[in-house]
Amino acid sequence: MNKLLLSLAMLLIAGTAGAQNPQVKTRNGILEGLEVSGVKVFKGVPFAQPPVGDLRWKAPQPVKAWSGVRKAHEYGPNPMQQPIFGDMNFGTKEMSEDCLYLNIWTPAKTMTEKLPVLIYFNGGGLVAGSGSEPRYAGMSMARKGVVSITANYREGIFGFFAHPELSAETSYKGSGNYGFLDQAAAIKWVKDNIAAFGGDPERITIAGESAGSMSVSALMASPVSKGLFAQAIGSSGSVIRNGALKTLKEAEKEGKKKAEELGCKSLKELRAMPAEELMERAAVTGLPGYNIDGCFFTEQPSTTYAEGRQANVPLLVGSNSFEMAPAFLLGGKPATIENLHEALKNMFGNQADKVMQLYGIKTDADVSGSAAAQLAGDMFIAQSTWKWAYAHAKSTSQPVYRYIYCHARPAMRVKGLSAALAGGVVKKDADAPEEPLAPGAVHSADIEYAMGTLPTNRIYDWQPEDFIMSDVFSSYYANFIKTGNPNGLGLTDWRPCTAGDTTPLLLLDVESRMTDDKQLEERHLFMDTLTNGK
């Protein structure tokens, strides 16, 4: 008996010793990942040199080759950021200016399969967030046959800062937009290397939510990233926003003012400041300025899309049904028809009555209800998302699959917390009243459903219908990533928008349905004339 046990133990030890972590040879060197239940995972993969020292506020530089085997077992550091949007949940506690890393989940067995590829860019207002957030993790998508990737990019003042001295350094005589350039560099690295991970470099889909969605729309418009991807997905946001992007001169002027506020007289002093000090003293908490720098953007993105110069790729795009509460419009005043009319008059002048008519806002009850919430959501982000979809359908030959995500999250299973805008949570005051459940899908509520990552978020009391919703949404995503068409067995048929018909819209819920949004389109077209001064 003892001999039998000894033999079994020896066999077990031999089997364990024979097991080897997956290794992949990239153009820069050999990476070692981990096998996790049939999926090979490579974390903390560098796609550019660390943007530190003299490389602060420079375009991302190619990775330097390494010798030997580089372990890719842990996430790289999160980008420098302040805790702006509540308690975001990260896969690592480390934060550094040295943040240009990506993470790969591949279901490939032989690494020769040529599987479709997804690259997901995080939200967070371009000032927060990370590819290490569990809600973006690629394990679920990998199990649907997709090589799934998340990638960091520089945020806040590290990613979006223009200055005349920075412009003078470059061949194109511009500056800023470094975070967008990082994203383009990540896609380029993936295109050059993903075949070694079993991915198809000709079937790359880029995706993102909120600031990540804005990034996707920017990458589609930029000459820097043209030809690097085959399809695009965006949820809640675009750079085709109300008003024009800053000119380079305007951005440089703001940069000079910021440098003066920081007490720095030269670029050398700015680059010498420790990252933590720069982050805290710069205190960039709102959406940072990006500009027509002459490199990433060579013209207004709205012009690029209107004239069909953007990437000519299939697009899946939409927003959520309750992106913003009506209080967004009222400036702290009570929710009355008079206060809303006054606020809209300040925004739209003599067109305020027309706006209220279009949205069906007639009584005080409407000001607190879904009608005003629709207007608030449009003003916040849904209008720019619609405009992206509309412009792309009108100016290209590619299908645009448009949706409104309607499924509300369940109640929190953890008491004393309140949802924050970008998907994190914040602690409530002990005497604060319980918040009612949102009547629809709030901003960022779609992420875990679309990516199949509900179990990574322990805050909410997920119910069976939530897992059904996630299966539906993630299946649409996976189908689109694989074929450029989200339709599949067991799913409501999704008709695309085309240049000839821009009204098809999927109301995405546990029981999804198609509609033709002629009235909604009329509303968006009218609002577009107001917000763009036409």
Side-chain angles (χ1 to χ4, degrees), residues 22-34 36 39-51 59-66 70-80 90-92 94-108 111 115-124 129-139 141-142 146-155 158-159 178-201 204-209 211-212 215-216 219 225 228-229 451 481:
Q23 292 187 354
V24 165
K25 186 177 181 181
T26 72
R27 294 190 180 188
N28 311 115
I30 298 172
L31 289 169
E32 179 188 280
L34 295 171
V36 183
V39 175
K40 298 174 179 66
V41 184
F42 298 81
K43 295 179 179 178
V45 178
F47 65 84
Q49 291 181 42
Q61 300 299 303
V63 178
K64 291 182 178 179
W66 62 83
R70 179 184 179 120
K71 287 191 176 181
H73 297 180
E74 304 289 340
Y75 288 111
N78 301 318
M80 297 298 297
F90 298 117
T92 176
E94 190 177 354
M95 179 173 67
S96 173
E97 191 174 4
D98 174 10
C99 65
L100 299 185
Y101 300 90
L102 54 78
N103 315 292
I104 303 169
W105 290 260
T106 177
M111 299 300 206
L115 300 171
V117 180
L118 170 67
I119 307 174
Y120 199 103
F121 294 110
N122 63 271
S130 168
S132 78
E133 293 180 62
R135 58 182 172 169
Y136 307 128
M139 186 65 78
M141 278 294 161
V146 174
V147 178
S148 193
I149 298 166
T150 62
N152 289 349
Y153 55 93
R154 283 171 282 182
E155 299 166 342
F158 299 93
Y178 303 107
F180 288 151
L181 290 169
D182 293 341
Q183 294 167 355
I187 304 170
K188 178 67 164 60
W189 190 95
V190 170
K191 193 170 181 69
D192 289 344
N193 290 279
I194 203 61
F197 296 84
D200 186 347
I204 294 173
T205 298
I206 59 172
E209 184 273 342
S215 300
V216 171
L219 289 158
S225 46
L228 294 181
F229 53 91
M451 292 299 290
I481 294 162

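We're numbering straight along the sequence, starting at 1. What you see below is based on every heavy atom in this structure, not just the backbone, and it leaves out hydrogens, waters and symmetry mates.
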Under the side-chain contact (heavy atoms from CB on, under 4.5 Å) criterion, do L228 and L219 qualify, and how do the steps go? CA-CA 10 Å; L228 294 181; L219 289 158; over 6 Å; no

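- Applying the side-chain contact (heavy atoms from CB on, under 4.5 Å) test between I481 and each of L118, L115, V147 identifies L118 as the sole match.
- The aromatic rings of F121 and Y153 lie perpendicular to each other, with more than 60° between the two planes, well past the 30° mark.
- The side-chain heavy atoms of F229 and T205, taken from C-beta on, include no pair separated by under 4.5 Å.
- Distance alone, capped at 3.5 Å, places no donor-acceptor pair between the N78 side chain and the F90 backbone.
- Taking the side chain as every heavy atom from C-beta outward, R135 and M451 never approach each other to under 4.5 Å.
- Judged purely by atom type and a 3.5 angstrom limit, Q49 uses its side chain to pair as donor or acceptor with the backbone of P62.
- Between F197 and F42, the ring planes are perpendicular. Angles over 60° get that label, and only those under 30° would be called parallel.
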side-chain contact (heavy atoms from CB on, under 4.5 Å), that's the test. Do M80 and M95 meet it? Break it down for me. CA-CA 6 Å; M80 297 298 297; M95 179 173 67; 3.8 Å; yes

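- A side-chain contact (heavy atoms from CB on, under 4.5 Å) with I119 is found for exactly one of V190, V216, I104, namely V190.
- Between the side chain of T26 and the backbone N or O of G29, at least one donor-acceptor pair lies under 3.5 Å.
- One N or O on the side chain of N152 and one on the backbone of C99 form a donor-acceptor pair closer than 3.5 Å.
- Remark: side-chain polar atoms of K40 are not paired, donor with acceptor, to backbone N or O of P22 under 3.5 angstrom.
- At least one donor-acceptor pair under 3.5 Å links the side chain of W66 to the backbone N or O of I30.
- Here the side chains of Q23 and L31 are not in contact, with every heavy-atom distance at 4.5 Å or above.
- At least one donor-acceptor pair closer than 3.5 Å links the side chain of Q61 to the backbone N or O of A59.
- Under the 3.5 Å distance criterion, the side-chain polar atoms of R27 are matched with a main-chain donor or acceptor of D192.
- Of all the heavy atoms in A151 and A186, the pair that sits closest is CB-CB, 3.9 Å.
- A donor-acceptor pair under 3.5 Å is formed between the side chain of N103 and the backbone N or O of G44.
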